[in-house]
Each structure stands twice: as C-alpha cells, then as structure tokens.
Amino acid sequence: MNGGVFQTRLPVRDYDLAATVDCGQAFRWRETGSGWEGVIGARWVRLSKDADSIAAETSAEPGDWRWLADYLQADLDLAAVLATFPDDEPLRQSIAACRGLRLLRQEPWECLASFILSSTKQIVQIRQIVELLCTRFGTPLEVPVDARFAHAFPTAARLALASEADLRACKMGFRAPNLLAAARAVDSGQLDLAAVGQGTVDAAREQLMQLPGVGPKIANCVLLFAYGYQQAFPVDVWVMKALRQLYFPKRRPKPERLRRFVSSYFGPNAGYAQQYLFHYMRTRE
DNA sequence: CACCAGGGTACCT
DNA sequence: AGGTACCATGGT
C-alpha cells in the first residue's frame, strides 16, 4: 500500500541526527542517500538534517506531528544539559567528539523488548533480530514502494501468542523465553508499562527488574531511553571500559565502589553523560 | 579460528 | 558481597 506523502520541518539547534539515531539506543534506523529511514510507532518515517532543522516525511496521516518532536526531543535545550556534566577531561573529550548527540524518547514496550534482545549482542545483530521479529509479527505499514521497513514493531499482545520456538526462529537464542515472559506480563496487565513511568526511578527500576532477563543494565536503558529518567546510568561493556580507563586507570575498583561512583558523580543528567561516554569509546579508533 | 558482543542468572567462595 | 561458567548466535 502506498499512502500520501506528508512533510514537516522541525527547527533544531545542536542536533547531530546521524549520531543520535545510529548510536545504539534505537535499532530501526537505516541510512539512505538523503538521510535516515525508520519507524516510529505505526508510522514509517524519513528524516534528513540541514543547517537549522530536521526535515521529516511520512506516508501515514501525521496529525499534529507532536509524536515526532517528542520522539526526537527536538525542543530539549542540549546546552543546558551538557552544562550539568562534571567538568572533567573524559567528558570534555566526549562532547568535543560529538557535539549534537541526543537521547530519543522511545515507546516503552519497543524499548523494553529490544533491550531484552540486546544482551551480549553486537548492535548490528540486535538490528537484525529486531527486523526479523518485526517482519514476522509486526503489523504492515503504509510505506513508499522503495521503503526498507514495512512493519510496525510487534505488540506485546501479538508476541504473547507466539511460541518460544517461533521467537527462537528470529535468531534470539536464549533470550526467547525472556521476551515471551515480558510480552505475557505486559499483555496480561501484570506489568503496567504506563504506570511504571509514574513513580520514582528506583520504584520503576524495581518493577522492570521483576522480569526474567531484565537486570540493572537493561532496566536502566528502558528508564533512560523510554521514560526519560535522566539519572539512569546503564553500564554495558563499553561504559565499563570508559569507567576503568578514563576514571580509574590505575586501580581495579570493586563493583560496590563503581556503583557508588556512578550514582553520585555524574549529576542529574548522568544518563546523558553515559551516552556521550558510550559513543566516545565506540568511535575513537 | 579464537574472541567478543549496549547481560542475567545460578552457584560457588 | 565478589567472582565465574553458562546461556545462543553471528561479526570481526
């Protein structure tokens, strides 16, 4: 199916679109000749950046476009966020390496499910697994004929009906029972994802970590990338590398020491600092 | 071919 | 509490 073409333009400052959609927080963006193509909710989207705005195009009725500005966090004052970072050399270097890197505001279910699939997987593989899942279980979308994406991310209700073998066929291996358990918890109402975002960050984290296969790292990703708890600080292998090499170069800090450090040192936007360190570690050499 | 990947868990000490 | 093997699969 081929709907109309709807376009808009969001004025932005300090916005590195490529780094933002391609830095491992979301898994359904691909570079095209003129920009980036992806899916937000039930809409196929193409984005491109010019000097002072992001141009957007979609093939489904866009309404007031608020969903897009919200997803892209187009109205966030990035300079004010960066100003809250501790003034240290690693963060100065990280900011210098990528000045317009942003955090997106993703839909909680897609974010939770995607990060359940992320454990000990490279980002390229996570993308591949997610696309298999979407192609097999996602609702078809209105898209242009040459679109690379043609399906929405599958709902929890749809995945709750799948078998573990169906999910394993999407190459997710031992993560399949975890995704299935999450889908069933959300579909049954046992886990209310809308309510999770209402409480404190610690209460929200505790609820997410009730799920099998969701520990502190994955929970913190969801808290940060979907709910906007900016103090959430996911520590994956890259961020651990950054902490060891850049902040504890000599000694070998114990886990408890590291936990105290990350929960007190980086300030109210610790999650943003984390994303800058993550991107910096992955892109230097 | 080894080694590693946006980890979590069970099971040791 | 801190360390470790194991889980499934593919990229580099």
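All values derive from a computational prediction rather than experimental measurement. Chain naming here is simple, since letters A, B, ... match the order of the sequence lines and numbering starts at 1 in each. Quick note: numbers below take in every heavy atom, side chains included, and nothing from hydrogens, waters or symmetry partners.
The pair A:Glu164-A:Arg168 meets the salt-bridge criterion, with a side-chain N (NZ, NE, NH1 or NH2) lying under 4.0 Å from an Asp/Glu carboxylate O.
When only modelled atom types and interatomic distance are considered, A:Glu206 and A:Gln210 share no side-chain donor-acceptor pair under 3.5 Å.
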Please enumerate all protein N or O atoms sitting under 3.5 Å from an N or O of nucleotides 9-13 of chain B, with distances to 0.1 Å.
{"unit_1": "B:dT9", "atom_1": "OP1", "unit_2": "A:Gly213", "atom_2": "N", "d": "3.2"}

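When all heavy atoms of A:Tyr229 and A:Gly199 are compared, the pair lying nearest together is OH-O, 2.8 Å.
Note: CZ (A:Phe115) to P (B:dA5) measures 16 Å, nearest angstrom. Rounding to whole angstrom units, CZ of residue A:Phe27 and C1' of B:dA5 are separated by 12 Å. Between A:Asn178 atom CG and B:dG6 atom C1' the separation is 16 Å, expressed in whole Å.
A:Ser59 contributes a side-chain N or O that, together with a main-chain N or O of A:Glu142, makes up a donor-acceptor pair within less than 3.5 Å. Under a 3.5 Å cut-off, the side chain of A:Asp22 and the backbone N or O of A:Ala18 do not form any donor-acceptor pair. When atom types are taken as modelled, the side chain of A:Trp65 and the backbone of A:Leu10 share no donor-acceptor pair closer than 3.5 angstrom.
A:Glu131 CD to A:His151 NE2: the interatomic distance, rounded to the nearest 0.5 Å, is 9.0 Å.
Checked against a 6.0 Å centroid threshold, the rings of A:Phe85 and A:Phe266 do not count as neighbours. Less than 6.0 angstrom separates the ring centroid of A:Phe115 from the ring centroid of A:Phe27.
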Identify each donor-acceptor pair in which a side-chain atom of residues 240-255 of chain A lies under 3.5 Å from a protein atom, sequence neighbours left out, and give them as a table.
{"unit_1": "A:Gln245", "atom_1": "OE1", "unit_2": "A:Arg284", "atom_2": "NH2", "d": "3.2"}
{"unit_1": "A:Tyr247", "atom_1": "OH", "unit_2": "A:Asp88", "atom_2": "OD1", "d": "3.3"}
{"unit_1": "A:Tyr247", "atom_1": "OH", "unit_2": "A:Asp88", "atom_2": "OD2", "d": "2.8"}

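Helical stems in DNA chain C, defined as runs of 3 or more consecutive Watson-Crick or G-U wobble pairs with both donor-acceptor distances under 3.5 Å, are listed by first residue as B:2-5 with C:9-12, B:7-13 with C:1-7.
For the segment residues 224-237 of chain A, the set of residues with a heavy atom within less than 4.0 Å of an atom of DNA chain B comprises A:Phe225, A:Pro234, A:Asp236, A:Val237, in numerical order. Near-neighbour residues of DNA chain B inside residues 248-262 of chain A, defined by a heavy atom below 4.0 Å, are absent.
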Heavy-atom contacts, protein to nucleotides 7-12 of chain C, under 4.0 Å, summarised as B (base), S (sugar-phosphate only) or - (none) per nt, yield BBBBS-
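Ring-to-base geometry places A:Phe278 in a stacked arrangement with B:dG6 (centre distance under 5.5 Å, plane angle under 30°).
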